[in-house]
Amino acid sequence: ADELRENYKAVASEFKADSEDIGKALGEVSTRFGFTGKELEDATLLFLKFAEITGTDAKTAVADVSKAMQKAGIDNRSYATILDMIASASQASGISVSNLTDNLTKYGTALKNMGFDTSEAIALFSQLELSGVNTEQVFTGLQKASANWAKEGKDTREEFEKLIDDIKNSRTSTEASRKAI
């Protein structure tokens, strides 16, 4: 408890925010990531800054990001890189941080199995959002297609890329929509 109190004081001296917000973020980082000492302080500061930049609640951001990272098998120590990717994608595409982390949690494993890394998955979610495409529909179909390709012994990443090219090269938007569906 004494160490946490000192961690809290260190974070509060570097970041001006409501004391309750700092305490909740610190506690959530400690619980979700298992960090202590300076590592806990640094991570908490970064999550507080991330929340401020993205207009989210820090405690919720910690929970959502850690859940997405865990689901995708991303090491806890990569949190700073993931925060950068999410903030950049959110600002560039308009997709909310919540939707982005939800998509990573729901579909990150499927994309990883298809050979996509985390940055590619985030970029794909952002592109879908910018295009106005229903992510839920896309990934429901993609999961079915991926299972079928795997059963046939095909490389799912390669087949996905062929599908995208096929859609792009359609003569009409109706044909492209039919292929996408």
Side-chain angles (χ1 to χ4, degrees), residues 1-136 138-139 142-143:
D2 288 340
E3 186 176 346
L4 279 175
R5 192 174 302 111
E6 291 306 311
N7 296 141
Y8 172 86
K9 287 178 185 175
V11 171
S13 72
E14 289 190 49
F15 191 85
K16 301 302 173 210
D18 180 78
S19 61
E20 189 174 336
D21 290 341
I22 294 171
K24 286 179 180 179
L26 184 77
E28 199 70 16
V29 170
S30 175
T31 301
R32 300 265 182 179
F33 288 87
F35 296 158
T36 59
K38 180 79 169 119
E39 188 175 38
L40 172 60
E41 293 168 15
D42 292 344
T44 301
L45 278 167
L46 199 54
F47 271 102
L48 287 164
K49 290 174 184 175
F50 171 83
E52 183 177 65
I53 289 167
T54 60
T56 59
D57 172 70
K59 180 182 177 191
T60 302
V62 173
D64 290 349
V65 169
S66 68
K67 197 176 355 172
M69 288 176 64
Q70 181 182 13
K71 185 80 172 172
I74 300 167
D75 181 77
N76 277 351
R77 304 233 183 307
S78 298
Y79 71 92
T81 302
I82 300 302
L83 290 177
D84 284 344
M85 286 184 211
I86 291 171
S88 294
S90 177
Q91 290 171 343
S93 68
I95 188 171
S96 73
V97 168
S98 177
N99 284 349
L100 194 48
T101 55
D102 284 349
N103 287 340
L104 277 172
T105 301
K106 287 183 199 174
Y107 309 117
T109 301
L111 284 172
K112 187 175 183 180
N113 291 340
M114 290 179 63
F116 287 84
D117 65 23
T118 304
S119 65
E120 291 171 320
I122 290 171
L124 179 58
F125 296 135
S126 298
Q127 280 303 117
L128 291 172
E129 179 75 17
L130 279 171
S131 301
V133 176
N134 181 320
T135 306
E136 190 84 27
V138 168
F139 280 94
L142 191 54
Q143 286 173 323

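Just so you know, residue 1 is the first one in the sequence shown, and it goes up from there.
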Within this structure, what is the [atom1]-[atom2] distance for the pair [X] and [Y], rounded to the nearest 0.5 Å?
X: T101; Y: I82; atom1: OG1; atom2: CD1; result: 11.5 Å
X: F15; Y: L48; atom1: CZ; atom2: CG; result: 5.0 Å
X: L104; Y: L111; atom1: CG; atom2: CG; result: 8.5 Å

Partner set under side chain to side chain contact (heavy atoms under 4.5 Å, CB included) for [X], not counting sequence neighbours:
X: S96; answer: S98, N99
X: D2; answer: R5
X: E129; answer: I95
X: A80; answer: L46

Q. What's the shortest heavy-atom distance between L130 and A92, and which atoms?
A. CD2-O, 4.2 Å

Q) Where do F35 and A43 come nearest, in terms of heavy atoms and distance? A)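 It is CD1-CB, 3.6 Å.
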
Q: Would you indicate whether the side-chain heavy atoms of V138 and Y107 approach each other to under 4.5 Å?
A: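 Counting from C-beta outward, Y107 and V138 never come under 4.5 Å.
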
Q) Considering only heavy atoms from C-beta outward, does the side chain of F139 approach that of L128 to under 4.5 Å? A) yes

Q: Mind jotting down which residue pairs meet the salt bridge (charged side-chain N to carboxylate O under 4.0 Å, His left out) criterion with at least one end in residues 92-115? Sequence neighbours excluded, please.
A: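 Those involving residues 92-115 are K106-E136.
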
Q. Residues two or more places apart in sequence or in another chain: which of them pass side-chain hydrogen bond (donor to acceptor under 3.5 Å, both in side chains) with D64?
A. none

Show me the pairs that pass side chain to side chain donor-acceptor pair (under 3.5 Å) and involve [range], at least two apart or across chains.
range: residues 11-23; value: E20-K24
range: residues 65-84; value: E39-R77
range: residues 44-63; value: T54-T56, D57-T60

Tell me which donor-acceptor pairs under 3.5 Å the side chains of residues 116-127 have, and how far apart each pair is, sequence neighbours excluded?
unit_1 : atom_1 : unit_2 : atom_2 : d
D117   : OD1    : S119   : N      : 3.2
D117   : OD1    : S119   : OG     : 2.9
D117   : OD1    : E120   : N      : 2.8
E120   : OE1    : D117   : N      : 2.9
E120   : OE1    : R157   : NH1    : 3.2
E120   : OE2    : R157   : NH2    : 3.1
S126   : OG     : I122   : O      : 3.0

Using a 3.5 Å cut-off and no angle test, enumerate the donor-acceptor pairs between side-chain atoms of residues 25-33 and protein atoms at least two apart in sequence or in another chain.
unit_1 : atom_1 : unit_2 : atom_2 : d
E28    : OE2    : R32    : NE     : 2.8
E28    : OE2    : R32    : NH2    : 3.4
T31    : OG1    : G27    : O      : 2.9

